[in-house]
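These numbers come from the heavy atoms of this one structure, side chains and all, not from hydrogens, waters or symmetry mates. The structure presented is a predicted model; accordingly, all values stated were derived computationally and were not measured.
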Amino acid sequence: MTRRSGSGPRPTKGRPAGSTTDQRLLDSSGHGDWVHTDPWRVMKIQAEFVEGFNDLSEIGPAISVFGSARTPADHPTYAQAEAVGRGLAEAGFVVITGGGPGTMEAANKGALEAGGESIGLGIELPFEARLNDYVSFGLNFRYFFVRKMMFVKYSQGYIVMPGGLGTMDELFEAMTLSQTQKITQFPIVLMGVKHWEGLLDWMRETMLSDGRIKQTDLDMITLTDDVDEAVELMLKARD
């Protein structure tokens, strides 16, 4: 795991071109060398947990903001994410993002320019690996599951902007952890009514009507375009 600032994970000798640490961990193909190498990977995983816990344990109340890395700076969602970051910082929250470009950059920018703490938790990828310039403190992780633990452990809530697969992954993990009572007092706000309402309609009309989820599962989500409302929900959960 590498620290701030602006650079991606350090290169590893002998790494196949375009591969990541997660990919090599999960790849069971080839010879039996993995029998000898996987136990040692546990030490790397442990080191990431230890460093993450050590560096984030005293950051104070924090909110994670998720969204697409592909959001251009002139898009309305970028401006909205910047307002979210600014509003959270002014309310006394640390802002945590995935540290990448697009929506994540916007939230970090809003927080930093408002005088708040702006944290980026990056991930080793074949692309989008560089921490954005508005991260005041950053960590780059090799393993997705370690990074996800840090988001959940050190956040008091999630604000989820329009995004793609990674954003959906974070959203549904948070919902699952809340549903199974692995986390408590954890508000989840979806920002961007137009983007998210189709998904929620499908969840109501298909998943709920077929009995695969309960109304209480949907009730854990707040859908809004109002930045002030989103920040207020986070404040209520903190209080």
Item to check | Within 6.0 Å of CD in Gln215, more than 12 heavy atoms from elsewhere | outcome: yes
Next on the checklist: So Val94 and Tyr154, do their side chains get closer than 4.5 Å, heavy atoms only?
Outcome noted: no
Checklist entry - Between OG of Ser155 and NZ of Lys153, what distance do you get to the nearest 0.5 Å? => result 11.5 Å
Checklist entry - Are Arg204 and Asp201 within salt-bridge range, i.e. N to O under 4.0 Å? => result yes
Checklist entry - Does one hydrophobic cluster hold both Leu171 and Ile63, with members joined at side-chain heavy-atom distances below 4.5 Å? => result no
Checklist entry - Are Met150 and Phe53 close enough that some pair of their side-chain heavy atoms sits under 4.5 Å apart? => result yes
Checklist entry - If you look at every heavy atom in Pro187 and Gln156, which pair is closest and at what distance? => result CD-O, 3.1 Å
Checklist entry - Considering residues, nucleotides and ligands other than Met149, do more than 12 of their heavy atoms fall under 6.0 Å from its CE? => result no
Checklist outcome for this item: Between the CG atom in Leu233 and the CD1 atom in Ile159, the distance rounded to the nearest 0.5 Å is 8.5 Å
Next on the checklist: Hydrophobic clustering (ILVMFWY, side-chain heavy atoms < 4.5 Å, transitive) - are Ile183 and Val189 grouped together?
Outcome noted: no
Checklist entry - Taking C-beta and beyond as the side chain, do Met203 and Leu199 meet within less than 4.5 Å on heavy atoms? => result yes
Next on the checklist: Using every non-hydrogen atom in the two residues, find where Met161 and Ala81 come nearest and quote the distance to one decimal.
Outcome noted: CE-N, 3.7 Å
Next on the checklist: Any non-hydrogen side-chain atom of Ile59 less than 4.5 Å from a side-chain atom of Glu117?
Outcome noted: no
Checklist outcome for this item: Closest heavy-atom pair, Ala62 versus Ile96, reported as atoms and distance to 0.1 Å, is CB-CD1, 3.7 Å
Item to check | Pairwise distance CG(Asn140) to CD(Glu48) - rounded to 0.5 angstrom | outcome: 9.5 Å
Checklist entry - What are the two closest non-hydrogen atoms of Ser209 and Thr206, and how far apart are they? => result OG-O, 3.3 Å
Checklist entry - Can you check whether Ile221 reaches Trp196 side chain to side chain, under 4.5 Å on heavy atoms? => result no
Item to check | Pairwise distance CD(Glu229) to CE(Met234) - rounded to 0.5 angstrom | outcome: 10.0 Å
Next on the checklist: Does any part of the side chain of Lys148, heavy atoms only, come nearer than 4.5 Å to the side chain of Glu170, both counted from C-beta?
Outcome noted: yes
Item to check | Between CD on residue Glu124 and CZ on residue Phe144, distance to nearest 0.5 Å | outcome: 10.0 Å
Checklist entry - What is the ring orientation for Tyr158 with Phe186, classed by angle as parallel under 30°, tilted 30 to 60°, or perpendicular over 60°? => result perpendicular
Checklist entry - Taking Thr71 for the side chain and Tyr78 for the main chain, is one N or O donor matched with an acceptor at less than 3.5 Å? => result no
Item to check | Closest approach of Ala91 to Val231 (non-hydrogen atoms, all atoms of both residues) | outcome: CB-CG1, 3.8 Å
Next on the checklist: Hydrophobic cluster membership, with links at side-chain heavy-atom distances under 4.5 Å among I/L/V/M/F/W/Y: are Phe151 and Val84 in one?
Outcome noted: no
Checklist entry - What closest approach, in Å, do Ser136 and Leu112 show between heavy atoms, and which atom pair accounts for it? => result CB-CD1, 3.9 Å
Next on the checklist: In the structure I gave you, are the side-chain heavy atoms of Lys182 and Thr176 within less than 4.5 Å of one another anywhere?
Outcome noted: no
Checklist entry - Side-chain contact, heavy-atom cut-off 4.5 Å: Leu88 with Val65? => result yes
Next on the checklist: Donor-acceptor check, side chain of Thr103 to backbone of Ser68, threshold 3.5 angstrom: yes or no?
Outcome noted: yes
Checklist entry - Checking side chain to side chain contact (heavy atoms under 4.5 Å, CB included) for the pair Val95/Tyr134: CA distance, chi angles, key distance, verdict? => result CA-CA 11 Å; Val95 172; Tyr134 300 97; over 6 Å; no
Item to check | Cluster check Val193, Val227: I/L/V/M/F/W/Y, side chain < 4.5 angstrom | outcome: no
Checklist entry - Ile119, Val160: one ILVMFWY side-chain cluster at the under-4.5 Å cut-off? => result yes
Checklist entry - To the nearest 0.5 Å, how far apart are CG in Asp226 and CE in Met191? => result 7.0 Å
